[in-house]
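Every chain is numbered from 1 and lettered A, B, ... according to where its sequence line falls, protein lines coming before strand lines. Not measured: the values here are computed from a predicted model.
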Amino acid sequence: MNFTPATATRTALALRQVNLAFDPDHRVLERVDLDVADGEFVTLVGPSGCGKSTVLRLMAGLLQPTAGWVELPGDPRIALVFQEPNLLPWRTVRENIGLPLELLGVDSGETERRVSESLELIGFGTPDVQKRPRELSGGMRMRVSLARALVTEPDVLLLDEPFAALDDLLREQLNEELLAIHRERGTTALFVTHNVSEAVFLSDRVVVMPAVAGGTFSEVAVDFPRPRTASLRAEAEFAGLAGEVSARLRRGGQEESS
Amino acid sequence: MNSSPGNMLSRWWPPLGLLLVVLAVWQASVWWFDWPPFLMPAPSDVARAVADDGDRLLAASLRTGVTALAGFTASLVAGVLIAVVFSQSRLVRQSCYPYAIFLQTVPIIAIAPLIITWFGTGFPSVVLVTLIISLFPIIASTTAGLVNIDEDLLELFRLYRADRWQVLWKLRLPHAVPYLVTGARTSSGMAVIGAIVGEFFVGHTTTHYGLGYLVLSTSQHLKTAHLFAAVIASALLGIALFTAVTWIGTTLLSRWGSGGRQAMHVTDPG
């Protein structure tokens with residue numbers, strides 16, 4: 001199964017025949033092929049424990065496949081947004097966002113400039129940049145986490161259920177902000193979620209993962225024009241696509257029991 | 001923190017009231033049963049001993065305080081360094097940790113004579129006894145702080161190709177600070193005990209006249225009221241060092257984020 005979008009220009013990242021087993025009895029992925037094109041927004045959905053996060057960690061180079069390989073043409077800069085904001089509690093907002101540049105050895109003037117740019121991108125007010133994470137709300141913390149990922153100006157943004165812990169209203173708002181950033185930066189995005197409506201709203205393609213290793217991947221193309229606005233969620237066609245993704249998720253789940 | 005005057009009063013009057021009751025019963029018992037002063041001096045005798053002997057008590061307390069502080073500082077430095085070494089390798093940790101526990105469990109009474117044989121009866125021996133007694137809490141808590149780090153945070157550092165030193169300086173060490181503060185508080189109380197025990201052991205031949213020496217000599221001369229005075233001074237010294245370390249720790253942690261807040265409540269039963 002090789003999912004390549006019809007409009008593909010260039011592959012940004014791909015898994016080729018990837019197997020991953022933590023031990024012989026615990027196979028997580030089997031012969032997985034997945035292509036994400038340059039600038040594309042792809043979302044992975046699937047039942048809990050199907051290996052969605054594992055796919056992101058393979059792409060990020062945090063895990064090595066047992067067999068097969070990960071293709072990253074042109075050695076793109078990769079950033080990962082975690083489910084938890086994972087901010088360092090002893091650092092201010094500004095210092096947290098600057099951390100990746102610090103680790104990569106970027107000089108302080110350039111760091112200063114890029115942190116400011118990132119802050120602007122997530123709409124963070126100046127009085128808040130000297131605060132520490134515990135003084136921020138959950139939504140604000142997630143925005144800082146997003147800004148920290150964007151500060152390296154990544155070519156590829158990997159997001160592992162970043163908004164799962166937020167309430168619906170905040171989640172929708174952050175979805176819209178994320179789309180605006182994706183549009184402005186042209187970043188390739190691979191997004192993992194449990195939320196079908198979120199998946200359809202954000203993506204060019206939704207890839208439905210099977211419940212068990214070796215099962216069939218399927219995908220739903222989402223052709224709504226961009227920029228997308230909040231009103232899209234109210235359209236009948238949107239509900240239809242969300243229903244389609246849900247149905248495939250259920251079928252994926254049934255494969256496990258039969 | 002509950003620091004309003006009303007709160008302070010409601011916190012302090014129960015222990016103070018109890019103290020007054022105990023002192024009154026004690027004074028009355030000594031008077032009623034007519035106990036000899038060398039066996040059980042009255043609070044008034046102890047007060048007189050403090051007044052008579054104030055200069056010597058103060059000098060001895062200062063002396064012991066300096067020794068305890070020196071030993072405590074040494075255990076802070078040594079403890080953090082050892083913990084850093086432990087944090088760098090599981091093998092090192094597994095090999096060395098049992099010996100660190102040995103240090104904690106071996107009775108200081110058993111090794112104090114050995115230390116005196118090797119290092120003499122002066123300041124260095126007393127500091128060394130203090131160090132041995134107060135070292136383990138620092139090693140244990142700091143190692144825990146350096147090692148128990150969320151996997152996601154380690155992945156974040158790996159993603160940006162952080163080397164071992166960056167992980168240590170920018171993640172492990174700052175993460176361990178609240179743990180270190182908790183360990184330092186336990187250790188500070190033990191340092192005063194260590195200094196007094198050390199002084200007690202170096203004994204009469206010493207040039208080091210601290211509270212431990214005072215306890216030893218007053219008990220041998222049956223100056224029991226003075227012995228009580230020395231014991232009270234020891235307790236006050238312990239409380240002083242503990243309070244100082246707690247205050248510095250609280251100040252440090254106030255800017256340390258949520259990681260520090262749990263560590264704050266260790267001594268607060270209310």
Side-chain angles (χ1 to χ4, degrees), chain A residues 53-54 56-64 72 75-93 95-106 111 130-136 138 141 144-146 148-154 156-162, chain B residues 1 80 83-84 87-88 141-185 248-266:
Chain A
S53 296
T54 307
L56 290 193
R57 277 164 177 72
L58 281 165
M59 299 282 197
L62 295 170
L63 286 173
Q64 297 305 317
L72 298 164
D75 194 20
R77 266 193 306 270
I78 294 179
L80 177 58
V81 181
F82 299 83
Q83 184 166 358
E84 301 293 326
N86 284 326
L87 304 175
L88 303 180
W90 55 86
R91 286 183 171 232
T92 63
V93 165
E95 291 164 344
N96 263 295
I97 296 174
L99 176 73
L101 300 178
E102 227 176 283
L103 295 176
L104 293 168
V106 174
T111 299
Q130 293 307 328
K131 285 188 177 168
R132 282 171 215 283
R134 65 150 188 262
E135 302 170 78
L136 304 175
R141 270 181 230 156
V144 175
S145 179
L146 198 56
R148 181 181 60 191
L150 293 167
V151 79
T152 57
E153 295 173 3
V156 174
L157 193 54
L158 306 171
L159 304 107
D160 190 3
E161 302 189 48
Chain B
M1 294 273 115
V80 170
V84 166
S87 75
Q88 295 302 297
S141 59
T142 309
T143 303
L146 290 170
V147 172
N148 297 340
I149 291 181
D150 196 358
E151 190 55 37
D152 280 357
L153 286 176
L154 289 168
E155 280 193 341
L156 178 74
F157 275 67
R158 264 164 60 209
L159 187 69
Y160 297 111
R161 302 189 177 86
D163 58 37
R164 187 174 274 263
W165 291 110
Q166 287 177 317
V167 173
L168 180 64
W169 277 112
K170 293 178 195 293
L171 181 59
R172 292 191 191 276
L173 279 171
H175 183 264
V177 166
Y179 293 77
L180 172 61
V181 167
T182 305
R185 243 182 347 207
I248 292 170
T250 312
T251 310
L252 192 65
L253 289 186
S254 67
R255 60 174 298 266
W256 222 257
S258 58
R261 278 190 300 180
Q262 310 148 317
M264 298 314 306
H265 295 293
V266 172

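- Taking the side chain to side chain contact (heavy atoms under 4.5 Å, CB included) definition, one finds that A/Gln83 meets it with A/Glu161, A/Ala164, sequence neighbours left out.
- Within the model, atoms CD of A/Glu95 and NZ of B/Lys170 stand 10.0 Å from one another, a figure rounded to the nearest 0.5 Å.
- Of the atoms belonging to A/Leu101, not a single heavy atom falls under 4.5 Å from chain B.
- Atoms CG and CH2, from B/Leu253 and A/Trp90 in turn, are 12.5 Å apart once rounded to the nearest 0.5 Å.
- Proximity to chain B is absent for every atom of A/Pro133, based on heavy atoms less than 4.5 angstrom apart.
- Interface with chain A: from residues 160-168 of chain B, residues B/Tyr160, B/Ala162, B/Gln166 qualify, criterion being any non-hydrogen pair under 4.5 Å.
- Using a 4.5 Å cut-off between heavy atoms, A/Thr92 does not touch chain B at all.
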Can you list, pair by pair, the side-chain donor-acceptor contacts under 3.5 Å of residues 150-158 of chain B, counting residues two or more places apart and other chains?
residue: B/Asp152; atom: OD2; partner: A/Asn86; partner atom: ND2; Å: 3.3
residue: B/Glu155; atom: OE1; partner: A/Arg57; partner atom: NE; Å: 2.8
residue: B/Glu155; atom: OE1; partner: A/Arg57; partner atom: NH2; Å: 3.1
residue: B/Glu155; atom: OE2; partner: A/Arg57; partner atom: NE; Å: 3.1
residue: B/Arg158; atom: NH2; partner: A/Leu62; partner atom: O; Å: 2.7

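- No more than 12 heavy-atom neighbours from other residues, nucleotides or ligands sit within 6.0 angstrom of CD on A/Glu84.
- By the side chain to side chain contact (heavy atoms under 4.5 Å, CB included) test, B/Ala83 pairs with B/Thr142, B/Thr143, B/Leu146, sequence neighbours left out.
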